[in-house]
Protein chains: 2
Amino acid sequence: MARRRATLKEVAERAGVSIATVSNVFSGRKPVNDDLRERVEKAARELSFQIDRAASQLKSGKARVVGVLVPDLDDTFFTSLISRIEVMALKDGYDVIVASSRDDRQLEESRLHTLLGWRPSGIIAVPCSDTVPDILVREVVHLPTVLVDRVIAQEAVADTVTIDNFEAGEIAGRYLVEMGHSDIVLAASDLDVAPIRERVRGAVSIVQKLTGKEPEAVALGSNAERGAELFAHWLERHPLPSAVFALTNVTTLAVLTALARQKIDIPDQISIIGFDDYTWMSARKTALTAIRQPVDDIARVAWERLLLRMEGDVSEPTPSILHTSLQVRDSTRRLVQPADGETAQGTGEPPAGNAAEERPNSIH
Amino acid sequence: MARRRATLKEVAERAGVSIATVSNVFSGRKPVNDDLRERVEKAARELSFQIDRAASQLKSGKARVVGVLVPDLDDTFFTSLISRIEVMALKDGYDVIVASSRDDRQLEESRLHTLLGWRPSGIIAVPCSDTVPDILVREVVHLPTVLVDRVIAQEAVADTVTIDNFEAGEIAGRYLVEMGHSDIVLAASDLDVAPIRERVRGAVSIVQKLTGKEPEAVALGSNAERGAELFAHWLERHPLPSAVFALTNVTTLAVLTALARQKIDIPDQISIIGFDDYTWMSARKTALTAIRQPVDDIARVAWERLLLRMEGDVSEPTPSILHTSLQVRDSTRRLVQPADGETAQGTGEPPAGNAAEERPNSIH
DNA sequence: GAAAACCTGTTAAACGTTTCACAGTTAAAC
DNA sequence: GTTTAACTGTGAAACGTTTAACAGGTTTTC
């Protein structure tokens with residue numbers, strides 16, 4: 001059915017010029033006289049012509065595509081990342097091919113393989129585990145690659161953009177301790193993932209240092225519903241901790257769901273620090289205190305590094321480590337019980353209780 | 001830097017066969033003897049060869065790519081859609097190219113244009129307005145196209161997958177009336193968008209029919225933060241309505257944010273029905289009653305139709321209209337004031353007040 | 001046992017671009 | 001007024017595949 005798409009040749013004939021000229025009009029790599037250019041543009045319009053990327057790419061070897069691989073397209077953190085990368089890529093004239101590994105190492109390899117079939121100019125990948133996929137390790141020499149988020153920055157064979165996960169754990173841990181908490185649970189997704197381990201390490205080390213107690217880490221996976229069940233189950237067999245620090249946005253959701261189901265009040269019965277910062281977190285009566293990842297910056301830095309590489313930079317792999325901040329809202333309650341010793345007056349900013357301070361500390 | 005990627009020719013030489021044979025091994029379109037096939041596969045592995053899609057596509061004219069265009073990659077509804085489409089596409093051997101129009105008609109045209117440059121086998125598009133972009137209208141003859149969500153099913157030139165927006169409005173409106181509400185506000189995003197208009201029409205008509213009152217529709221745009229401001233502003237100059245029906249997930253967020261900031265209690269001071277169904281909606285003490293769109297089904301139906309078209313089906317454009325359901329949770333309170341007349345006993349399912357019934361109706 | 005049919009592999013011609021080398025033509029330089 | 005340089009346009013050769021047409025060799029068929 002239907003007529004084939006127009007080609008350079010047809011446009012050239014219609015405009016009465018050579019195909020090289022038409023190509024020049026479209027690629028802009030050589031100047032073309034104004035009237036000729038107009039003739040060409042008119043002809044192209046009439047045939048609703050558009051350059052065939054496959055042919056263009058085959059001949060020029062240049063792709064103007066970047067592949068983006070993430071572990072999960074249902075996780076807002078990754079889609080925010082993609083959203084921002086897409087904007088910047090467009091600005092610089094690149095298209096984006098998206099692939100999801102669904103947290104499966106094998107699928108990851110295979111998705112990466114197809115991605116490479118596009119001969120992309122670059123790859124931005126969030127590996128699903130902290131071991132960089134073999135196929136990427138091999139390609140990294142030829143192909144600009146930026147690894148984001150789930151990477152061990154020091155070990156990486158390519159540029160990396162990560163947050164300071166240890167610090168993130170520390171910030172949350174310190175804040176909780178300053179608010180008088182010491183009976184703290186860490187809602188982790190998966191302890192096999194390096195960044196999560198780091199967050200745990202950070203939180204554990206500071207809490208231990210300041211209070212002598214060691215927070216327990218619970219693994220809730222990366223599905224909110226399942227996580228909620230796991231956490232509910234955990235709650236059944238343990239006394240209620242005074243605070244939970246959720247280590248990912250999914251576990252934040254899992255914890256909140258479980259607590260909501262059991263009608264446990266936040267922050268009166270339990271304090272919460274969440275992870276990531278999304279609109280829904282403040283669209284609640286008790287707005288959520290959370291560790292904010294600078295998604296915009298992560299995306300920007302990742303794109304900038306990739307662009308640099310695609311433009312030919314061959315310097316040593318650079319790790320970029322960005323910093324998180326604590327978004328203080330209402331979900332963390334100051335414990336009134338006497339602090340043990342001087343520990344609560346730790347380092348860092350003052351307990352910054354703007355919102356937290358205001359709320360009545362009554363327990364009902 | 002670094003060696004070029006291997007080509008068919010190099011693999012052929014190394015395996016001591018012709019390039020046609022290598023091609024056959026990879027495309028599987030002609031059988032190849034086992035020992036030869038093994039030789040080829042070995043050679044390919046050693047050179048880490050992979051078919052060049054550009055060349056393959058140029059020659060064969062077949063792309064095995066579909067373009068997916070959505071208005072906003074930060075909107076979970078669209079990313080869920082993409083996520084599901086990606087899974088199914090992969091299963092059927094297609095890759096996905098994602099583009100976002102950022103709700104901008106002009107950008108939409110241009111993104112669509114680049115998408116077409118890939119010579120995709122098909123397009124799934126969520127237009128940003130209800131007028132189908134010119135470029136698509138022209139292409140629809142050549143190119144399998146499925147229009148999703150923001151379309152007027154009856155007028156479309158291509159297959160469409162939508163929900164019954166009028167019905168969605170009715171369901172929410174009827175439920176609110178049955179719960180005793182008549183002073184209702186509709187939190188719309190943009191009244192220029194057909195589906196939103198339909199939702200408004202549905203809600204207005206049923207509420208008017210059952211109570212004689214006409215709900216007011218407020219336009220809050222498609223950015224949650226801005227929407228929250230607009231709604232807060234609206235709240236300042238109007239008496240508090242007894243219920244709000246938010247017509248999109250973003251306006252749901254906007255309304256909740258505004259209410260949270262003003263410390264207006266849900267459902268004691270105001271009842272809410274949200275739109276879409278996401279984890280965060282039930283991860284709250286007062287879980288949100290909401291109109292649930294069958295995202296899975298929408299994605300599935302869209303993909304199935306597209307696949308059919310890509311396989312050569314040339315029948316008339318089919319509109320698929322899916323149905324929403326009300327997810328009753330705790331954010332809608334039963335009003336105790338005497339119902340005006342018999343109106344509240346309308347049609348449809350009983351006021352189904354499982355969760356809503358339980359909560360104390362005290363106003364504090 | 002010859003003809004037909006079937007396998008399996010090869011040769012070579014595209015596909016629609018980009019881009020190099022070149023050819024006119026005009027402008028600048030001396 | 002000739003030589004150089006600068007500008008614009010064209011011809012034609014790739015790029016790495018797919019695929020029709022064909023060529024042997026083996027098997028089937030009558």
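All chains are named by letter (A, B, ...) in the order of the sequence lines, taking the proteins before the strands, and each is independently numbered beginning at 1.
- Between the CG atom of A:Leu58 and the C1' atom of D:dG16 there is a distance of 5 Å, given to the nearest Å.
- Side-chain N/O atoms of B:Lys62 include one lying less than 4.0 angstrom from OP1 or OP2 on D:dT19.
- Computed from coordinates, the A:Lys30 NZ to D:dA6 P distance equals 15 Å when rounded to whole Å.
- Between A:Glu108 and A:Leu69 the shortest side-chain heavy-atom distance falls below 4.5 Å.
- A:Ile51 places its CD1 atom 11 Å from the P atom of C:dT19, with the value rounded to the nearest Å.
- Looking at heavy-atom distances under 4.0 Å, B:Phe26 makes no contact with the nucleic acid at all.
- Listed nucleotides: D:dT18, D:dA14, C:dT10. Nearest to the side chain of B:Ala20: C:dT10.
- The side chain of A:Val32 lies closest to D:dG9, out of D:dG9, C:dG16, C:dG9.
- The B:Arg119 side chain lies nearest to C:dT17 when the options are D:dT17, C:dT17, C:dG9.
- The partner of C:dC30, taking Watson-Crick or G-U wobble pairs whose two distances both stay under 3.5 Å, is D:dG1.
- Side chains of A:Thr21 and A:Ser18: a donor on one and an acceptor on the other come within 3.5 Å.
- The shortest distance between the side-chain N/O atoms of B:Ser56 and the OP1/OP2 oxygens of D:dT17 is not below 4.0 Å.
- Checking D:dG16, C:dT10, D:dT10 against every side-chain atom of B:Lys59, the shortest atom distance belongs to D:dG16.
- Across the protein-nucleic acid pair, B:Gln50 atom CD and D:dG16 atom P stand 15 Å apart, rounded to whole Å.
- Relative to the side chain of B:Ser60, the nucleotides D:dT18, D:dT10, C:dT19 differ in distance, and D:dT18 lies closest.
- A 4.5 Å side-chain heavy-atom check between B:Asp159 and B:Ser320 finds every atom pair outside the cut-off.
- With rounding to whole Å, A:Leu47 atom CG is found 15 Å from C:dG16 atom C1'.
- Neither OP1 nor OP2 of C:dT18 sits under 4.0 Å from any side-chain N or O of A:Ser27.
- The CZ-P distance, from B:Arg29 to C:dT8, rounds to 15 Å in whole Å.
- Salt-bridge check for A:Arg37 with A:Glu41: passed, with a basic side-chain N closer than 4.0 Å to an acidic carboxylate O.
- Taking 4.0 angstrom as the limit, A:Ser23 places none of its side-chain polar atoms (N or O) nearer than this to OP1 or OP2 of C:dT17.
- Remark: P of D:dG9 and CG of A:Asp34 are 9 Å apart, rounded to the nearest angstrom.
- A salt bridge links A:Glu46 with A:Lys42: at least one charged nitrogen is closer than 4.0 Å to a carboxylate oxygen.
- D:dT10 atom P lies 11 Å from atom CG of A:Asn33, rounded to whole Å.
- Along DNA chain C, the nucleotide nearest A:Lys9 and the nucleotide nearest B:Val22 are compared for position; the residue whose nucleotide lies closer to the 5' end is B:Val22.
- Heavy atoms of A:Ile19 sit under 4.0 angstrom from at least one base atom.
- Atom CZ of residue A:Arg105 and atom OG1 of residue A:Thr131 lie 3.5 Å apart, to the nearest 0.5 angstrom.
- Between A:Asn24 and B:Phe49, the residue anchored nearer the 5' end of DNA chain D, judged by the nucleotide with its closest heavy atom, is A:Asn24.
- Close to C:dT17, at under 4.0 Å from its OP1 or OP2, lies no side-chain N or O of A:Arg53.
- For B:Thr21 and C:dT10, the shortest distance from a side-chain N or O to OP1 or OP2 is below 4.0 Å.
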